[in-house]
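Throughout, a chain's letter reflects where its sequence line sits, starting with A, and its residues are numbered from 1.
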Number of protein chains: 2
Amino acid sequence: MEKNAISPSRAENYPEWYQEVIKAGDLAENAPVRGCMVIKPWGYALWENMQAALDAKFKATGHVNAYFPLLIPLSFMAKEAEHVDGFAKECAVVTHHRLKANDKGELRPDPASELEEPFIIRPTSETIIGHMYAKWVKSYRDLPILMNQWCNVMRWEMRTRMFLRTTEFLWQEGHTVHATAEEAVEETLKMLDVYADFAENHMAIPVIKGQKTPDERFPGAVDTYTIEAMMQDKKALQAGTSHFLGQNFAKASGIEFLSKEGKQETAWTTSWGVSTRMIGGLIMTHSDDDGLVLPPMLAPQQVLLIPIYKTDEERKQVLEYVNSLKKELEAQTYGGNAIRVKIDDRDMRGGEKAWQAIKQGIPLRAEIGPRDMAKGEVFVGRRDKGPKEKSSQARADFVKNAPSILAEIQATLFARAKAFRDSNIVRIDTLAEFEAHFSGSEEFGAKSGGFASVHWNEAAMGHEVLAKLKVTPRCIPLDSPNEEGKCIFTGKPSSKRVLFAKSY
Amino acid sequence: MEKNAISPSRAENYPEWYQEVIKAGDLAENAPVRGCMVIKPWGYALWENMQAALDAKFKATGHVNAYFPLLIPLSFMAKEAEHVDGFAKECAVVTHHRLKANDKGELRPDPASELEEPFIIRPTSETIIGHMYAKWVKSYRDLPILMNQWCNVMRWEMRTRMFLRTTEFLWQEGHTVHATAEEAVEETLKMLDVYADFAENHMAIPVIKGQKTPDERFPGAVDTYTIEAMMQDKKALQAGTSHFLGQNFAKASGIEFLSKEGKQETAWTTSWGVSTRMIGGLIMTHSDDDGLVLPPMLAPQQVLLIPIYKTDEERKQVLEYVNSLKKELEAQTYGGNAIRVKIDDRDMRGGEKAWQAIKQGIPLRAEIGPRDMAKGEVFVGRRDKGPKEKSSQARADFVKNAPSILAEIQATLFARAKAFRDSNIVRIDTLAEFEAHFSGSEEFGAKSGGFASVHWNEAAMGHEVLAKLKVTPRCIPLDSPNEEGKCIFTGKPSSKRVLFAKSY
């Protein structure tokens, strides 16, 4: 039996495999603050690449960035009733502004510094941004407002898991204001498309664009749209959401404008966000029993060059060869940027370096020793193939083909994930089948699980079978055709199928 | 008398002029959270350009980015005695993790959610990062650690002012660990050089690199180095600091390593940071009575094209001309990037647009109407010259010369600021002169103020005259020559001159 780098394997213990991939890939670590993580350089570089790609797309669609305060006055939260219901139970509350030593010399919040009105750390910023927008918007000429903010937010989650659900996380939140409902809906769907495009073409994660059912909406939204991805354990991951907020938040914040016709009107708003949670989705979509697998478009290093040598003389010659190879590769572009190449010249065994490259998900690695050098070759391994499937290639070919090989790896990862997902969506037409489908274990590879496409009616919200199975409606796919049917939970009429799944 | 865009002028009321420049430039606004600000798109775009330039310099000097938690356990703060003294009085404290409605239906922190150990919102991250480093560092092979973090921090300041001193601000904090004191000192000074290079060559702000006197050190540091700039009211602004922390924080956090010789040793650390405060410095260095003046290297838009037309037909033709001009300009590079050009095609008077461009500090603006078009010309204004000093230029010349004109503006801003600063540093050798020098009003242009270069001895720390005058030692300039003298406060011997000033 072949030995893999990650133990346990996905089949043995999927949740633990996930933690081990993060550890072996040196992506992040639990922090000494409940439910928080430290994002280590490799994980953060990945986030930086995600940010750069998303930010360019936001700007290309006319958005600008801004920054709003971390703290939100308690009274702001209370303005939108559903919103406060959704977030009040998981708010970090700031109550004092000074520390003081007590009798025993221990630091404590100074009672004299208690705030008249406590603040919460933003779990999301609709209320405070809405407050500012109400000041900025006077006339239809001020619309639309198309802003985005990159920041940290905090939700006091009880059960946390690195990247997927952490008390603090990094994200972007777009907040826009429009003169009409139509424009706001258009914006909501446009940003959903931006997210889907990013997920599929940069992260190589196939996603289903859909509308959330009412019970799964963002607190205070009229409509929530989502991109849903399938992980390798067949659970769903909500990877990004875009909300049409109607006039709910505009009314709560008083965002009004004088229309072209001279009428005072209430504006329409949207909000949309993706977060570091997407990194969890990336890990669970592509990684294997040898660790992380990174899509080339986002990999902080796309090619790792590993010099192999014994003597000092060999070292000198090989490093010279490898340095000039690096320059040639960097003169090539992939995805619009110079190829990102690194030389691993640490004082370590070559095999160890190759394994680290595998565990960190680097798309292409090339080992180069005196013999490869003499033949003008490099010894290449691809992360989308087995760790031992390596081949000698002429140096010039390797350089010339590097962009297309990276593109091929990117395409392979997407195609693989899409084939897996598509083969794990089933149409189910009876409640008994539905129960059987989701009653198996949650283990990786188990027959149970995957997405179920079923007829459903709003009256089924909160159905006991769903609670029992821990299955939720994920979305009504936007491309779902109209199809008359009967809700499998209530027997009531349904006109579209809805996707159900266990989820993160 | 000529009328200016900003009222009051610098001479009339400098502090209020500052607020008005921010408002007219649409950079930021006070937030509904005590002491916090909202950074508006124009201000944030400036910050993004600053981040991009600094981040590239950090990476070029071998640093990587990471992200550590926002919240710090109270017990961590207590580990380094001077550090806690320095920050305990201005900490936002998180004590609860849930809200609950009281009898009257008002939201309040839920008493049942009180945290066993409160958290503070990071005022700086030495303690929590040190905790992680202690886990990561085992042997000399793990050193150096060269990490940086871009994030928000919070210090509960009593008197706040946009950009210069806000409760929450954005910054970067570098934190490094080294095997020897020498290496750590070298890093500290290297990053000071990076800051000075950035300040002078990107922000066009001349700075004096120096060492802080003991009373002005970062709480817990062995040595603090600073870059000090002079504002137009002759006050000093500490624009960035780099700290040699010795073994103080390493001991407090337990950062130890096995040396090459097999000995367990305590590591040496540094930290260094610049923040959105630098934007305040930029405003006060270059802006004039017509508003913001941006150095071309950082301006979000470097050239603004203003189409002038009356009829729809003219509009169409002028826009076509302006669009092709934009493309030609964008094909030119300045500072290593394509020139950033924008067309202001809003439905507004051209004159109004030109004034807005001036108030927002855009380096170059060009008005183009049917007559300019017919002559193949553009009508150009430079922000480093008077608002009415405009000139017609042949279109081709304007395009060809744009990079060199931007470079000229950048150089002019720096030279102007440097000449102003250099003419406002005086050598003072008696306490009486010193008092007279700083006893005038603080108004812009007043004779009093500027930097005073005086002999000083540590025994003068906390001298009553300094407290009375609100003057502080800014730094011992690194290029200050050795010069025997007597401290003007105590008469004790001194071997170097120290710069004193009123400061932000």
Side-chain angles (χ1 to χ4, degrees), chain A residues 29 31-33 36-41 43-45 47-48 64-78 84 87-101 106-110 113 118-121 128 131-132 135 141 147 151-152 154 156 167-168 170 347, chain B residues 29 31-33 36-41 43-45 47-48 64-78 84 87-101 106-110 113 118-121 128 131-132 135 141 147 151-152 154 156 167-168 170 347:
Chain A
E29 209 169 301
V33 179
C36 291
M37 64 177 169
V38 171
I39 307 181
K40 298 180 80 172
Y44 198 81
W47 178 239
E48 286 180 309
V64 288
N65 289 330
Y67 188 77
F68 296 84
L70 171 73
L71 299 185
I72 298 180
L74 221 54
S75 58
F76 281 41
M77 280 305 285
V84 69
F87 289 107
K89 292 196 184 94
E90 48 185 43
C91 282
V93 193
V94 175
T95 55
H96 296 72
H97 67 77
R98 195 165 56 224
L99 298 175
K100 201 183 163 181
E106 299 158 337
L107 278 183
R108 289 288 176 270
D110 180 352
S113 76
F119 292 102
I120 62 158
I121 296 179
I128 193 148
H131 174 91
M132 298 310 295
K135 296 174 66 179
R141 287 174 189 270
M147 287 193 195
C151 66
N152 54 343
M154 188 160 265
W156 212 270
T167 302
E168 182 188 6
L170 303 182
D347 190 15
Chain B
E29 207 170 301
V33 179
C36 291
M37 64 177 169
V38 172
I39 307 180
K40 298 181 79 172
Y44 199 80
W47 179 240
E48 285 180 309
V64 288
N65 289 330
Y67 188 78
F68 296 84
L70 171 72
L71 299 184
I72 299 180
L74 222 52
S75 57
F76 281 41
M77 280 305 284
V84 70
F87 289 107
K89 292 196 184 94
E90 47 185 45
C91 283
V93 194
V94 175
T95 54
H96 295 74
H97 66 77
R98 196 166 53 224
L99 298 175
K100 201 182 163 182
E106 298 159 335
L107 277 184
R108 289 289 175 268
D110 181 352
S113 77
F119 292 102
I120 62 158
I121 296 179
I128 194 150
H131 174 92
M132 298 310 294
K135 296 173 68 178
R141 287 174 189 271
M147 288 192 195
C151 66
N152 53 345
M154 188 161 264
W156 211 270
T167 302
E168 181 188 7
L170 303 182
D347 190 14

Novice: Measuring heavy-atom distances to chain B, does A:Cys91 have an atom under 4.5 Å in its side chain, in its backbone, in both, or in neither?
Specialist: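 It is both, since atoms from each part get that close.
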
Novice: Taking B:Val64, B:Ile128, B:Thr95 one by one, which has the highest count of heavy-atom pairs under 4.5 Å against chain A?
Specialist: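 Answer, by heavy-atom pair count under 4.5 Å with chain A: B:Thr95.
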
Novice: Looking only at heavy atoms, what is the nearest atom pair of A:Leu107 and B:Met77, with distance?
Specialist: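 Here A:Leu107 and B:Met77 meet closest at CD1-CB, 4.4 Å.
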
Novice: Checking heavy atoms, do the side chain of A:Phe87, its backbone, both or neither come under 4.5 Å from chain B?
Specialist: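 Contact with chain B is absent: no heavy atom of A:Phe87 under 4.5 Å.
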
Novice: Which answer fits A:Glu106, side chain, backbone, both or neither, if we ask what part of it has an atom under 4.5 Å from a heavy atom of chain B?
Specialist: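 No part of A:Glu106 comes within 4.5 Å of chain B.
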
Novice: Heavy-atom distance under 4.5 Å to chain A: side chain of B:His96, backbone, both or neither?
Specialist: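 When you check distances to chain A, atoms from both the backbone and side chain of B:His96 fall under 4.5 Å.
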
Novice: Output the distance between atom CE (A:Met37) and atom CZ (B:Phe68), rounded to the nearest 0.5 Å.
Specialist: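 One gets 12.5 Å once the value is rounded to the nearest 0.5 Å.
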
Novice: Quick one: of A:Ala31, A:Ala101, A:Ser113, A:Pro109, who has the most non-hydrogen atom pairs under 4.5 Å with chain B?
Specialist: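 Highest number of heavy-atom pairs under 4.5 Å: A:Pro109.
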
Novice: Where is the tightest heavy-atom contact between A:Pro69 and B:Val38, given as atom of each residue plus distance?
Specialist: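 That closest heavy-atom pairing would be CD-CG2, 3.9 Å.
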
Novice: Measure the OG1-CG distance between A:Thr167 and B:Leu70 for me, rounded to the nearest 0.5 Å.
Specialist: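 With rounding to 0.5 Å, OG1 (A:Thr167) is 11.0 Å from CG (B:Leu70).
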
Novice: Give, as side chain, backbone, both or neither, the part of B:Lys100 having an atom under 4.5 angstrom from any heavy atom of chain A.
Specialist: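 For B:Lys100, there is no contact with chain A at all, as no heavy atom is under 4.5 Å.
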
Novice: Check each atom of A:Glu168 against the heavy atoms of chain B and say whether the ones under 4.5 Å are side chain, backbone, both or neither.
Specialist: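 For A:Glu168, the contact with chain B is made by the side chain alone.
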
Novice: Please round to the nearest 0.5 Å and tell me the distance separating atom CE of B:Met154 and atom CG of A:Leu71.
Specialist: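 One finds 3.5 Å between CE of B:Met154 and CG of A:Leu71.
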
Novice: Which bit of A:Pro32 is near chain B, if near means a heavy-atom gap under 4.5 Å: side chain, backbone, both or neither?
Specialist: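 Interface part for A:Pro32: both.
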
Novice: Measuring from atom NZ of B:Lys40 to atom CE of A:Met147, what distance do you get when rounded to the nearest 0.5 angstrom?
Specialist: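 Taking NZ in B:Lys40 and CE in A:Met147, the distance rounds to 7.0 Å.
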
Novice: Enter the distance from A:Asp110:CG to B:Lys89:NZ here, rounded to the nearest 0.5 Å.
Specialist: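 Between atom CG of A:Asp110 and atom NZ of B:Lys89 there are 10.5 Å.
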
Novice: With a 4.5 angstrom heavy-atom cut-off, could you sort out which part of B:Pro118 is near chain A: side chain, backbone, both or neither?
Specialist: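 Answer is side chain: those atoms of B:Pro118 sit under 4.5 Å from chain A.
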
Novice: In terms of heavy-atom pairs under 4.5 Å, which option from A:Tyr67, A:Tyr44, A:Trp47 contacts chain B the most?
Specialist: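 Max contact count across the listed options: A:Tyr67.
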
Novice: Please work out which of the three classes, parallel, tilted or perpendicular, describes the rings of B:Phe119 and A:Trp156, given edges at 30° and 60°.
Specialist: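 The rings of A:Trp156 and B:Phe119 sit tilted, inter-plane angle from 30° to 60°.
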
